[in-house]
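Have a look at the structure below before the remarks.
Counting begins at 1 with the first residue of the sequence.
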Amino acid sequence: MAVRRDTIWERFLKPIFQLFLIDEDKLLQLYKSIDWEKESDRFRQPNLTYPEYYSSQNFHGIQGGYLNGDAPVTYDPITQYVLPPNETWVRQGVIEAIEGQPRRILDLGCGTGSTTLMLKQAFPEAEVIGIDLSPYMLIMADRKARQAGLEIQWLHSKAEDTKFLDTSFDVVTASLLFHETPPKVARAILREAFRLLVPGGQVIILDGNQKTLLHTDWLTEIFEEPYIKDYAAGSVDAWMGAAGFEAVRTQEIWWVHQVTRGMKPTPVEDSSIATPQMEETSDTILVPVG
């Protein structure tokens with residue numbers, strides 16, 4: 001698989017995972033069992049233009065970033081070990097932050113669908129849609145959903161420009177997306193989420209703990225993330241407030257992670273506008289008074 005040889009991952013972490021945790025032969029077998037170009041055509045939107053911030057980077061040291069079959073094959077085996085203390089517990093923070101019973105949920109930058117599947121399992125009556133910029137990641141997401149017997153719609157789209165109609169969703173989520181985008185794009189994604197949500201709708205963002213990352217340089221260097229230091233220097237709370245969200249709160253998860261929730265305000269009726277009162281006449285016909 002095409003990975004730069006000079007990365008910290010290649011020099012230090014990969015040998016450890018190979019020795020103790022990951023069956024690389026099994027991953028290679030999975031990789032060879034899928035016709036990546038043919039399968040990706042099921043999701044690929046030919047008119048979608050990849051933004052430069054995405055197409056120009058080798059995320060995690062992989063040549064081509066997420067735009068190849070290497071990424072979805074290796075993503076899940078690695079992620080389960082780099083989200084301490086347990087990947088499922090960390091992703092569960094998204095589910096626990098959601099209030100009520102949403103009818104329509106959008107998962108932005110869904111990757112291989114790990115959080116998306118959990119959303120559908122937690123809210124089986126809801127329509128759940130996952131979108132991602134990589135059609136290759138969507139292949140794996142769809143494969144996992146079918147294996148789990150879950151009906152989820154997967155779309156090839158940009159999180160900052162989804163093309164959905166205004167007020168289309170009750171909940172919008174994003175897991176481990178913001179540290180992989182420049183802050184200006186993260187802010188654009190939140191503006192898009194605001195547009196997509198119904199009044200009273202919720203946005204839930206799971207990612208690395210910005211306070212921890214800001215003061216822990218080795219964490220920002222290990223996994224070859226081009227934008228993580230800029231992410232660490234920012235504030236999801238402030239970004240949400242600037243996008244118009246209210247009741248913003250961030251909860252730390254196991255020191256390394258954070259979940260931030262915001263709500264789209266519900267319009268308040270103007271009490272200064274008089275509402276016509278109704279009076280019952282002798283012939284029982286209601287007419288406005290005043």
For this session: Give a yes or no on whether the backbone of T74 and the side-chain of Y31 come within a donor-acceptor separation of less than 3.5 Å.
Result: no
Exercise. Should F194 and V172 count as side-chain neighbours, where that means a heavy-atom distance under 4.5 Å?
Worked result: no
Exercise. Got a donor-acceptor contact below 3.5 angstrom from the K120 side chain to the P124 backbone?
Worked result: yes
Problem set entry | Side chains of I34 and R143 in contact at under 4.5 Å (non-hydrogen atoms) | yes
For this session: May I ask you to decide whether E99 forms a salt bridge with R249, counting only side-chain N to carboxylate O separations under 4.0 Å?
Result: yes
Counting only pairs under 3.5 Å, give me each side-chain donor-acceptor contact of residues 88-98, with atom names and distances, residues two or more places apart or in other chains.
unit_1, atom_1, unit_2, atom_2, d
R91, NE, E87, OE2, 2.8
R91, NH1, T115, OG1, 2.7
R91, NH2, E87, OE2, 3.2

For this session: First locate atom CG of D161, then atom CZ of R191, and finally report the distance between them rounded to the nearest 0.5 Å.
Result: 11.5 Å
Exercise. Side chain of H179, backbone of Q210: donor and acceptor closer than 3.5 Å?
Worked result: no
Exercise. Crowded around Q80 CD? As in, over 12 foreign heavy atoms under 6.0 Å?
Worked result: yes
For this session: Could you go through the side-chain contact (heavy atoms from CB on, under 4.5 Å) check for I204 and T260 one step at a time?
Result: CA-CA 6 Å; I204 315 292; T260 307; over 6 Å; no
Exercise. How long is the gap from CZ on R104 to OG1 on T167, to the nearest 0.5 Å?
Worked result: 10.0 Å
Seminar exercise, completed: P135 and L67 have their tightest heavy-atom pair at CD-CD2, 4.4 Å
Problem set entry | Test side-chain hydrogen bond (donor to acceptor under 3.5 Å, both in side chains) applied to S40 - qualifying residues, sequence neighbours left out | R44
Exercise. So do W254 and L83 actually touch side chain to side chain, heavy atoms under 4.5 Å?
Worked result: no
Exercise. Can you check whether L138's main-chain N or O pairs, donor with acceptor, with D132's side chain at less than 3.5 Å?
Worked result: no
Exercise. Nearest 0.5 Å, what's the CZ-OH distance between F178 and Y227?
Worked result: 15.0 Å
For this session: Check for a donor-acceptor pair, side chain of Q258 on one end and backbone N or O of D207 on the other, with a separation under 3.5 Å.
Result: no
Exercise. Which pairs count as ring-ring contact (aromatic ring centres under 6.0 Å, His included) when at least one residue sits in residues 132-165, sequence neighbours excluded?
Worked result: Y50-H156, F164-F169
For this session: Please check if the side chain of Q101 supplies one atom and the backbone of F123 the other of a donor-acceptor pair under 3.5 Å.
Result: no
Exercise. Okay, side chain of D237, backbone of M240: is any donor-acceptor separation there less than 3.5 Å?
Worked result: no
Problem set entry | Residue list, salt bridge (Lys or Arg N to Asp or Glu O under 4.0 Å) with E252, at least two apart or on another chain | none
Problem set entry | CD/Q147: more than 12 non-hydrogen atoms of other groups inside 6.0 Å | yes
For this session: Please check if the side chain of S134 supplies one atom and the backbone of Y66 the other of a donor-acceptor pair under 3.5 Å.
Result: yes
Problem set entry | CD-CG distance between Q202 and L197, expressed to the nearest 0.5 angstrom | 8.5 Å
Problem set entry | Stepwise side-chain contact (heavy atoms from CB on, under 4.5 Å) check, E37 with D35 | CA-CA 6 Å; E37 295 309 313; D35 185 334; 4.2 Å; yes
Problem set entry | 4.5 Å side-chain heavy-atom contact, W36 and N68 | no
Problem set entry | Heavy-atom side-chain proximity of L108 to L177 below 4.5 angstrom | yes
Exercise. Transitively linked via ILVMFWY side-chain contacts under 4.5 Å: V248 with V198?
Worked result: no
Exercise. Taking only residues two or more places apart in sequence, or in another chain, which ones meet K144 in a salt bridge (Lys or Arg N to Asp or Glu O under 4.0 Å)?
Worked result: D76
Exercise. Are the side chain of T162 and the backbone N or O of A159 linked by a donor-acceptor pair below 3.5 Å?
Worked result: no
Seminar exercise, completed: CD of E246 to CE of M263, rounded to nearest 0.5 Å, is 6.0 Å
Exercise. Salt bridge or not for D166 and R195, using N-O below 4.0 Å?
Worked result: yes
Exercise. Is there side-chain contact between P77 and K26, with heavy atoms separated by less than 4.5 Å?
Worked result: no
For this session: List the atom of V171, the atom of P102, and the distance in Å for their closest heavy-atom pair.
Result: CG2-CB, 3.6 Å
For this session: Considering non-hydrogen atoms only, spot the tightest contact between A233 and L214 and give its length.
Result: CA-CD1, 3.9 Å
Exercise. Counting N and O atoms only, with roles assigned by atom type, does the side chain of D230 sit under 3.5 Å from a partner on the main chain of P182, one being a donor and the other an acceptor?
Worked result: no
Exercise. So do L155 and I129 actually touch side chain to side chain, heavy atoms under 4.5 Å?
Worked result: yes
Exercise. Is there a side-chain contact between P183 and Y231 (heavy atoms, below 4.5 Å)?
Worked result: no
Exercise. Between Q121 and L150, is a side-chain contact (heavy atoms from CB on, under 4.5 Å) present by the stated rule, with each step listed?
Worked result: CA-CA 8 Å; Q121 290 165 336; L150 298 173; 3.7 Å; yes
Exercise. What pair of heavy atoms forms the shortest contact from L119 to I105, and how long is it?
Worked result: CD1-CG2, 4.0 Å
For this session: Just jot down the side-chain hydrogen bond (donor to acceptor under 3.5 Å, both in side chains) partners of Q153, sequence neighbours excluded, or say none.
Result: none
Exercise. How far apart are the C-alpha atoms of I205 and T173, what are their side-chain angles, what is the distance that settles it, and do they pass the side-chain contact (heavy atoms from CB on, under 4.5 Å) test?
Worked result: CA-CA 6 Å; I205 307 298; T173 64; over 6 Å; no
Exercise. What distance do L133 atom CG and Q45 atom CD have between them, rounded to the nearest 0.5 Å?
Worked result: 11.5 Å
